[in-house]
There are 2 protein chains.
Amino acid sequence: MKKVSVLGATGSIGRQTIKVLKGLSGYKIISLSAHSNYKLLIDYVREFKPKTVCVTNEKAYEKAKSKIKDAKVLPPWQLFRLAEDKNTDIIIAGSSGSSALPVILAALKNGKTVAVANKEPIVMAGDILKKAAEKHGGKIIPVDSEHSAIFHCLATSKTKPEKIYITSSGGAILKRGARKITPAFILKHPIWKMGKKITVDSSTGVNKGFEVIEAHHLFGIDFSKIGVILHPEAIVHGIVEYADGSSVAYLSRPDMKIPIKYALTYPQKLPLKNFLDYKNLNLTFKKFPEEKYACFCLAVKCGKKGGVLPSSFCGANETTVKFFLKGKIPFSKIPKIIEKTVSKTPSVKYTIENCLKIEKWAMDFAGRIS
Amino acid sequence: MKKVSVLGATGSIGRQTIKVLKGLSGYKIISLSAHSNYKLLIDYVREFKPKTVCVTNEKAYEKAKSKIKDAKVLPPWQLFRLAEDKNTDIIIAGSSGSSALPVILAALKNGKTVAVANKEPIVMAGDILKKAAEKHGGKIIPVDSEHSAIFHCLATSKTKPEKIYITSSGGAILKRGARKITPAFILKHPIWKMGKKITVDSSTGVNKGFEVIEAHHLFGIDFSKIGVILHPEAIVHGIVEYADGSSVAYLSRPDMKIPIKYALTYPQKLPLKNFLDYKNLNLTFKKFPEEKYACFCLAVKCGKKGGVLPSSFCGANETTVKFFLKGKIPFSKIPKIIEKTVSKTPSVKYTIENCLKIEKWAMDFAGRIS
């Protein structure tokens, strides 16, 4: 029996993880975390009977504490305890932003397998997390579809790849024409159904920029060998190219349950039966139009410079997306605010504590200049 | 230094193998075989200084024997000696039809690695060859582009695939319209530049049928799990599909040097730099129109029945293709003659000797009824 902890259980990835786990024998949910949706958490506790839950929003924690009797309810500041639980085999880190970062680090330091679904932890502290994993026997398994794809493809050959490609469906922006970019327009993302923030991130280019940085850290591949391809059908998620000119591509329908299940059951691939129809399939690949995504190059530049700069980027992005969704700033201001924030980032040592501090600093700074 | 023996060195695969070996350090050609093109063989002897050569056409053997002084020249009936040479590490079996079958078997029984480029040996005696390889530690590496593709893709997961797909560009037949099918028309194959026989085999469906049988033997996969997809661009050569619905596809330009080099350097993939252009690529997949390829289903049916039937098919096909190329029979008679021959095949035990005997019987029988 594999014992699973789901962080961010009530979010988009968390809910899909729970769906996958429902259909999977040999797995038991032993702990859960949620942010504010304590009502859904209560349902989960009733259904899956975890031993421990943690609620990371204080108000929601108080409510959950008074209503949940069958599980230990931890306050926000004790989230890391889920990572230290000796009984846990796999942690699915699906909570938004960088909130899971300290927990992921703690889990890796305890030699655990962590399936990382959101990008910020790797973008902000990829080097630190990888070192911790290597030192303590922990394992990072990517859940993001592009990285799950590359992760699978890289297993095909002992030879180092010449290049890896991640694909972009183009997001809502691709065919916008002269339409004004409003939150409502952007949230109608053509392919993937995702959370609001990541949908905006897809439109600004932040998401694809983060994926490049993530690929660099996860697979130890130089930025010069990571390419992005425009692939509107979103069927091919990643490609690994070898020196002889051949490539291996990973294909699937845009269904997050596939990479989630793979992360849980790796190296096995168990049935989901969401097959492609090879009797009728068209796939197109084009140059990724970087110029349409103002934040893409900015993000990659921060990733290349490294240190705490990506944390600054993440913080500024967090604030600007929030402001944009609330209608406080126009779409076009997002890159400008991020760029200014990043350029003013204080120079400090690259540690987990400083990554989180700088992220917080950037959130505030970006808020002030918005 | 890896010591290589190239069988069928003057044929289409053989010449490309020699080209690849020229650019590869750490490899030495120690023996060669050729059928009738002794002049090219003499050039090769001069250039690569193999210890031994074998000429499988008697007249050519006499000529070669009188002219080659720097290498031992073996007569046709001693081809198997190349397989038994203790110094040989890898044998590339590129000679046409079933001629290399006894040599491949001998090589596998000597625990050697054999890169098999032509289909007949596996189609006729796949089970026997695989058993010999398993028993004596020999290894079969496929060179055919589709099987090289599947071979590579299968390395990605420990889970058994749900299905494998090989692709077909459709050959000359696909867009023939009302044109008469003449040898000249067929030999203008739109994608791959290959030998004459295999080009005709592509148009009759024999080639794709053989590939299905070959895949069944090489990868131990049931016929029901092997699919053929029409893919006119001939960029994706093979696809492995898993139970979750995800797939891994192998892509390359239609260049036989890529799978040849992979077979020689496996598991490494060394530079050829014949890269695809992912900034401008369209890939289409459609239902394979079995009905257009009269011999496809017939071949697969023989493969499923097994025993010596595929050998009978190979023999009948050999004769009918020869007759068609000489203008002795029309294209439409090829499947009819093969079908009749196969239906009259004597029932004998499945041994290497009988495979070769039945093939010979079918060649003669098909000739008589043509």
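In what follows, chains are A, B, ... by sequence order, proteins preceding strands, each numbered from 1. The basis for the numbers below is simple: all heavy atoms, side chains too, and nothing from hydrogens, waters or symmetry mates.
Atom CG of B/D244 sits about 10.5 Å away from atom NZ of A/K273, to the nearest 0.5 Å. Within the model, atoms OH of A/Y165 and NZ of B/K279 stand 7.0 Å from one another, a figure rounded to the nearest 0.5 Å. Annotation: the span from B/I258 atom CD1 to A/Y242 atom OH amounts to 13.5 Å, rounded to 0.5 Å. Taking NE2 of B/H152 as the start and OG of A/S246 as the end, the distance is 6.0 Å to the nearest 0.5 Å. For the atom pair CG of B/L283 and CG of A/L251, the computed distance is 9.0 Å after rounding to the nearest 0.5 Å. Interatomic distance, B/N280 CG to A/I229 CD1, rounded to the nearest 0.5 Å: 11.5 Å.
Ring geometry, B/Y278 versus A/F285: the interplanar angle exceeds 60°, so the pair is classed perpendicular (tilted spans 30 to 60°).
Looking at B/Q268, the atoms closer than 4.5 Å to chain A (heavy atoms on both sides) sit in the backbone and in the side chain alike. Residue B/L230: no heavy atom, backbone or side chain, is found under 4.5 Å from chain A.
Looking only at heavy-atom pairs under 4.5 Å with chain A, the residue among B/S247, B/P161, B/P267, B/P271 that has the most is B/S247. Ranked by non-hydrogen atom pairs under 4.5 Å with chain A, the options B/T265, B/L281, B/I239 are led by B/L281. In terms of heavy-atom pairs under 4.5 Å with chain B, the best-connected choice from A/T284, A/V240, A/V236, A/L154 is A/T284. No other option in A/K287, A/K269, A/H231, A/K160 has as many heavy-atom pairs under 4.5 Å with chain B as A/K269.
The local environment of NZ in B/K286 is sparse, with at most 12 non-hydrogen atoms from other residues, nucleotides or ligands closer than 6.0 Å. Summarising the local packing, NZ of B/K28 is surrounded by more than 12 heavy atoms from other residues, nucleotides or ligands at distances under 6.0 Å. Taking a 6.0 Å sphere around NZ of A/K130, one finds it holds more than 12 heavy atoms contributed by other residues, nucleotides or ligands.
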| Given the rule in the side-chain contact (heavy atoms from CB on, under 4.5 Å) test, do B/K163 and A/F275 qualify, once you have shown the distances and angles that lead to the verdict? | CA-CA 10 Å; B/K163 202 152 181 180; A/F275 296 114; over 6 Å; no
